[in-house]
Amino acid sequence: MKDDIVTLTIDDIGTNGEGIGKVNGYTLFVKDAVVGDIVKAKIIKEKKNYGYGKLLDIIEKSKKRVVPECTVAKQCGGCQIQQMDYQSQLQYKQNLVKENLEKIGGLKDIEVLPVIGMDTPYHYRNKAQYPVGIDREGKVVIGFYAGRTHCIIDNTDCKIGSPINQTILETIRKYITEQRISIYDEESHQGILRHILIRNGYHTGEIMVCLVINGTKLPNFEKLIQDLIGISGMKSIMLNINRDKTNVILGKECKTLWGQDHITDSICDITYEISPLSFFQVNPVQTEKLYKKVLEFAQLSGEEIVWDLYCGIGTISLLMATNAKKVYGVEVVPEAIENARNNTRRNNFHNVQFFVGKAEVVVPQFYEEVSTKGMGDHQNKEAIQSLNPDVVVVDPPRKGCDEILLDVIIKMSPKRIVYVSCDSATLARDLKYLVSRGYEVKKVQPVDQFCHTVHVETIVLIQKKTS
Ligand code: SAH
């Protein structure tokens, strides 16, 4: 059947946003097709039970189909579903969470609330990482990888990024060309400039530009600085050293070329400093809605002991600290914890303590140590109280929580767990574990942090069963 041209109706959507339809009972995945489309496709890959089709023509357009704002939406791997109208995107994400909770988590009859969306779902990202390359004609390309490849689509006008990024990127492109800066080549591991990271403070307008290089120096960088500091809001120009042959974008070492080594921004009236290596939620408008839900689910009265695991720069920790007795934060990136401690001081909190390390190592160790020491001085009493928290917040990366961590959380026996997840499949797996060990799922609230992509953020309130 390979190379056959077929006509099919798209009636489902896959995990990567592709359309799914059937041809004589055979399932075909068609990238860029939308549920409701009738399309003509060419079969490009055939497996036993399913295949992949290339979209050739749309015979009848779905009502859900829109013209993407971005001219390279189809090629670019950044957004997968810009061709779907926004309400349908939200519906799709709600269904996705529900399906994962049922199929992976075995959680039937759980209400998944409608996804909290954005009023204007564009230009929302406060952080963007652009690969730099050279095309076949030897021209500098700056943009995004095409889906599932390392081919760079030249585009500095990203519709989900900050509009100012275009000016910054074109300034850097001019510098690269004029100063003949060598561009990193993945195959040969030669060349200097690899990626450009830009962070924008949503409330402050502050900008950080961080150039990721395969080396320790950027030639004639003063010329670039001269031009970049003319851009309003520029606060920090940095280098990140990444000499490894790897797909990981950032290396561990940063150097300041000009200005500060961080920018600041605020969420819910708390100010934060953010370094290049620290995690900070990428959609500031939605983050406020997300965090307010986390706070609502935590049901704090001012007397609670709270753990915030995977705390990043302490954003959720400090928000919790506004209405809790004591908050403990745990995070693996040392720079993020440095930010978190500075943020605590900057905002005058005195009831927060941070630990650096993997949550699945730090928390069990702490539990072991404190529970084997008896109750003694005041410090120790506080430590013992910390083992019996009211609320535990977890906000892990896509792979979810380690079982060792879930086990120690169960031992600590909090009244409530607030799970903030960016992958509903691993969320469902972890919920299944918690539900089999004395907890129940009370509320499931997705929030659209990543409009036009297939990703969805979900907050879950999990409560200890009383009977
Ligand atoms: N709650 C924060 C950060 C969430 S992102 C916020 O809302 O901004 C997840 C964080 O987990 C990142 O900061 C990442 O560095 C950290 N992380 C990843 N693996 C970890 C682990 N095993 N233990 C602790 N932190 C981890």
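In what follows, every heavy atom counts, from backbone to side chain, and hydrogens, waters and symmetry copies are set aside. From a predicted model like this one, the values you see are computed outputs, not experimental measurements. Atoms within a ligand are numbered from 1 in the order they appear, just like the ligands themselves. We count residues from 1, following the sequence as given.
Judged by distance alone, the side chain of T204 and the main-chain N or O of T264 form a donor-acceptor pair under 3.5 Å. Checking side-chain atoms of N214 against main-chain N and O of G191 turns up a donor-acceptor pair under 3.5 Å.
Atom numbering of ligand 1 starts at 1 in the shown order; those under 4.0 Å from a heavy atom of V333 are 15 (O). Ligand-side atoms of ligand 1 in range of G357: 23 (N), 24 (C), range being under 4.0 angstrom from any heavy atom. Annotation for ligand 1: atoms under 4.0 Å from non-hydrogen atoms of Q281 are 6 (C), 7 (O), 8 (O). Using a 4.0 Å cut-off to heavy atoms of T315, the atoms of ligand 1 that qualify are 6 (C), 7 (O), 8 (O).
Considering backbone and side-chain N/O atoms, D308 never comes within less than 3.5 Å of an N/O atom of ligand 1. Note: an N/O pair closer than 3.5 Å links A359 and ligand 1 by distance alone.
Taking the centre of each ring, H452 and Y122 come in below the 6.0 Å mark.
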Begin with the C-alpha distance, continue with both residues' side-chain angles, and end with the deciding distance and a verdict on side chain to side chain contact (heavy atoms under 4.5 Å, CB included) for S386 and W307.
CA-CA 8 Å; S386 72; W307 282 81; 4.2 Å; yes
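Annotation: the span from I207 atom CD1 to I168 atom CD1 amounts to 4.5 Å, rounded to 0.5 Å.
Of all protein heavy atoms, the one closest to atom 10 (C) of ligand 1 is E331 OE1, 3.5 Å. Looking at atom 9 (C) of ligand 1, its nearest protein heavy atom turns out to be D395 O, 3.3 Å. Nearest protein heavy-atom contact of atom 7 (O) of ligand 1 is Y291 OH, 2.6 Å. Of the protein's heavy atoms, P397 CG, 3.6 Å lies nearest to atom 18 (C) of ligand 1. The closest protein non-hydrogen atom to atom 17 (N) of ligand 1 is V332 CG1, 3.6 Å.
Using modelled atom types and a 3.5 Å distance limit, the side chains of E273 and N339 yield a donor-acceptor pair.
Contact annotation for C311 and ligand 1: only backbone heavy atoms (N, CA, C, O) come within less than 4.0 Å of the ligand.
The heavy atom nearest to atom 2 (C) of ligand 1, considering only F280, Y272, Y310, is found in Y310. Considering each of K399, E457, E360, the one bringing a non-hydrogen atom nearest atom 22 (N) of ligand 1 is E360.
Between Y433 and I410 there is a side-chain heavy-atom pair separated by less than 4.5 Å.
Salt-bridge check for K432 with D430: failed, with every basic side-chain N at 4.0 Å or more from each acidic carboxylate O. Remark: E102 engages K98 in a salt bridge, criterion side-chain N to carboxylate O under 4.0 Å.
L431 pairs in a side-chain contact (heavy atoms from CB on, under 4.5 Å) with only one of the listed residues (I462, I104, T426, I110), which is I462.
Residue S278 places no heavy atom under 4.0 Å from ligand 1.
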